[in-house]
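Report on the following structure.
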There are 2 protein chains.
Amino acid sequence: MADELTKIIDLSTQSNTSDNYLTFIDQLCEHMDFDFASYATMSPVTGSVLGYANYPDEWKMHYMRMNLHRVDPTIHQSARSIAPVDWTRLSRGESFNSVFYRANDFGLTDQGLTVPVRGPFGDVGLLSVTRSCSEREWKLLTRDKISELQMAAVHLHDSVMQSDVLSRALRRPSLSARETEVLQWTAIGKTQQDIGDILSISHRTVEVHMRSAREKLGALTTIQAVGRAIGYQIIYPG
Amino acid sequence: MADELTKIIDLSTQSNTSDNYLTFIDQLCEHMDFDFASYATMSPVTGSVLGYANYPDEWKMHYMRMNLHRVDPTIHQSARSIAPVDWTRLSRGESFNSVFYRANDFGLTDQGLTVPVRGPFGDVGLLSVTRSCSEREWKLLTRDKISELQMAAVHLHDSVMQSDVLSRALRRPSLSARETEVLQWTAIGKTQQDIGDILSISHRTVEVHMRSAREKLGALTTIQAVGRAIGYQIIYPG
DNA sequence: GCAACACTACGGGATACCCCTAATAGCAAT
DNA sequence: ATTGCTATTAGGGGTATCCCGTAGTGTTGC
């Protein structure tokens, strides 16, 4: 069992192409007896979702066309969780139905599991697997494979993040010491005048650091810049 | 093997007392043949550091007295990593020596492994294990146990965070729909005038909602209010 | 019924923020 | 050495925001 896992993980440490990730997902299904698997990563700041899956093409098209990632409860729930999320425990609300309502038509089941992983920059990776079988069989399968799935998710996300395919969009901008300092003081409620006094510089200068911080963070206002800096974990909320 | 793990994890889903976490760590060592284990977490909001370890008391005293957590390379390296970090791969720099220089005197080894886990609030949990044995034995041990350690780390961190987040949730102020709405638009860079147009209300009214939101959040400025709202997960960074 | 609160709206004075320009210092490049 | 980039410093001017009020309507709860 451990050998199988090692074999799979070794695959992920090779070249970081999209094809490689797809074959990794395929092999994962094959080795662990799942129907389908997917990996998705989302930016905590922009909320954009990118990923790979071996779902039927028709479903992928449908999913993308309907922008289902915006309401998909498997994504939103596991994006807020530390531990793996079993889809059978999700509440059957409106958003659940809007995603799984037509899923059966595409050969998919709502019997799935999502393993969330997070990196140091607030980046989130979601490894999901599905299998249509009896409830008892599903319980046994997940119990046996969950720790391997956890490992696989960690290594897959690590690999994806180390490649610059997706990480560039997610990587946090590098702020100067002053910029970070000014943002942090701002976040805890100080005015520019206060900060100028604290740092023994003019409040004009404080504003310049603020401006370049805004530009680097692609923010329209100081408030948005502070929000993003918190999202990127560059500073802490006051 | 899976049964052992289940047994251990069940322990962590009971009451969340410090004693419980300590026995969890002890049992982890016992079941997986490690000498020592530790768990540490840092909350990005409060900045507080929390940890449990079954190291010798003398070492814990020494570690705390010297504030070694500030330079500990096992912490800093794994706090920047997604995947587990084997201490034998750490660079033998100044900070490494300053921690492990005297570790041997206390019966500790530099043959260890740290598994990092992250939650949705930027919280980091570090589960570390050590064992002094031959290099070959160490390699085999870590290869066999790493996926169980990963699982244990996830569940331990999940348990700790649920107890911590619970108390945080009690302190979370309840904002009205309008207040939340106004804060969210502000966080994504809209001005009060913009928001007034979007919500079809006067920009004066927007400011009133902003004011009461600031008061409820105990914030000195709108920026701090937005930062706290993000920290409380009331709104999302723009 | 009445108290408490949410949502709505306006005004005026003080202030902080935002944009422009601009200088100096350091550091990498070649 | 000169060019180029970034970090840091700073002033002037326009405007949006903040803060202090007041005040009417509608909903919720005792």
Side-chain angles (χ1 to χ4, degrees), chain A residues 45 121 168 171-238, chain B residues 169-235 237-238:
Chain A
V45 175
F121 306 126
R168 221 177 324 128
R171 202 185 310 260
R172 71 169 130 185
S174 67
L175 299 188
S176 75
R178 275 298 203 219
E179 287 155 359
T180 307
E181 208 169 5
V182 164
L183 279 182
Q184 182 64 72
W185 282 116
T186 305
I188 60 180
K190 301 296 181 186
T191 67
Q192 294 184 354
Q193 184 63 60
D194 292 337
I195 300 167
D197 294 343
I198 292 168
L199 301 179
S200 301
I201 57 177
S202 164
H203 68 96
R204 309 289 191 169
T205 308
V206 174
E207 202 280 322
V208 174
H209 293 309
M210 204 81 87
R211 190 191 316 161
S212 57
R214 280 198 303 270
E215 284 167 3
K216 285 183 179 176
L217 289 162
L220 295 169
T221 63
T222 295
I223 296 178
Q224 188 178 24
V226 168
R228 288 192 170 181
I230 292 172
Y232 280 125
Q233 293 172 36
I234 295 170
I235 61 172
Y236 303 120
Chain B
L170 294 175
R171 272 181 277 135
R172 162 156 49 180
S174 66
L175 299 188
S176 73
R178 274 301 203 215
E179 288 156 358
T180 307
E181 208 168 5
V182 164
L183 279 183
Q184 182 62 75
W185 283 114
T186 305
I188 60 179
K190 301 296 181 187
T191 67
Q192 294 184 357
Q193 184 62 60
D194 291 338
I195 300 168
D197 295 341
I198 291 168
L199 301 179
S200 301
I201 57 177
S202 163
H203 70 94
R204 305 284 192 172
T205 307
V206 173
E207 203 278 325
V208 173
H209 292 309
M210 204 82 86
R211 194 190 312 170
S212 60
R214 279 198 301 269
E215 284 167 4
K216 285 183 180 176
L217 289 163
L220 296 170
T221 63
T222 296
I223 296 178
Q224 189 179 22
V226 168
R228 288 193 170 181
I230 291 172
Y232 281 126
Q233 294 282 303
I234 294 170
I235 61 172

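Computed from a prediction, not measured in an experiment: that's the story for all the values here. Lettering follows sequence order; numbering is per chain, from 1.
Evaluation of the side chain to side chain contact (heavy atoms under 4.5 Å, CB included) rule for A/R204 yields A/S202 as partners, not counting sequence neighbours. With sequence neighbours left out, the side chain to side chain contact (heavy atoms under 4.5 Å, CB included) criterion links B/S212 to B/E179. Taking the side-chain hydrogen bond (donor to acceptor under 3.5 Å, both in side chains) definition, one finds that A/T221 meets it with nothing, sequence neighbours left out. Every residue meeting the side chain to side chain contact (heavy atoms under 4.5 Å, CB included) condition with B/L199, not counting sequence neighbours, appears here in chain and number order: B/R178, B/E181, B/V182, B/W185, B/I195, B/I201. Residues satisfying the side-chain hydrogen bond (donor to acceptor under 3.5 Å, both in side chains) criterion with A/T186, sequence neighbours excluded, are absent altogether. Shown here are the side-chain hydrogen bond (donor to acceptor under 3.5 Å, both in side chains) partners of A/T205, two or more places apart in sequence or in another chain: there are none. Remark: A/D197 pairs with A/Q193 by the side chain to side chain contact (heavy atoms under 4.5 Å, CB included) rule, at least two apart or across chains.
Between A/E215 and A/R211, no side-chain nitrogen of the basic residue sits less than 4.0 Å from a carboxylate oxygen of the acidic one, so the salt-bridge criterion is not met.
For B/E179 and C/dC7, the CD to C1' distance is 10 Å, given to the nearest whole Å.
Contacts of A/S202 with the nucleic acid, taken as non-hydrogen atoms under 4.0 Å apart, involve only primed sugar atoms and P, OP1 or OP2. Here A/T222 lies in heavy-atom contact (under 4.0 Å) with sugar-phosphate atoms only. As judged by a 4.0 angstrom heavy-atom cut-off over every strand, B/L220 is placed among residues touching the sugar-phosphate backbone only. As judged by a 4.0 angstrom heavy-atom cut-off over every strand, A/H209 is placed among the base-contacting residues. In this structure, A/S176 reaches the sugar-phosphate backbone alone: every heavy-atom distance under 4.0 Å involves primed, P, OP1 or OP2 atoms, never a base.
With D/dT8, C/dT8, D/dC18 as the choices, the nucleotide that has an atom nearest any side-chain atom of B/I201 turns out to be C/dT8. Counting only heavy atoms from C-beta on, B/R204 has its side chain closest to C/dG12 among D/dT8, C/dG12, D/dA10. Ranking C/dC19, D/dT8, D/dC19 by closeness to the B/E207 side chain, first place goes to D/dC19.
Taking every heavy atom of residues 189-198 of chain B and every atom of DNA chain C, no pair lies under 4.0 Å.
Taking the side chain as every heavy atom from C-beta outward, B/M210 and B/R214 approach each other to under 4.5 Å.
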Seminar exercise, completed: Given protein heavy atoms under 4.0 Å, the one-letter contact record of nucleotides 21-30 of chain D, with B base, S sugar-phosphate only and - none, is simply B---------

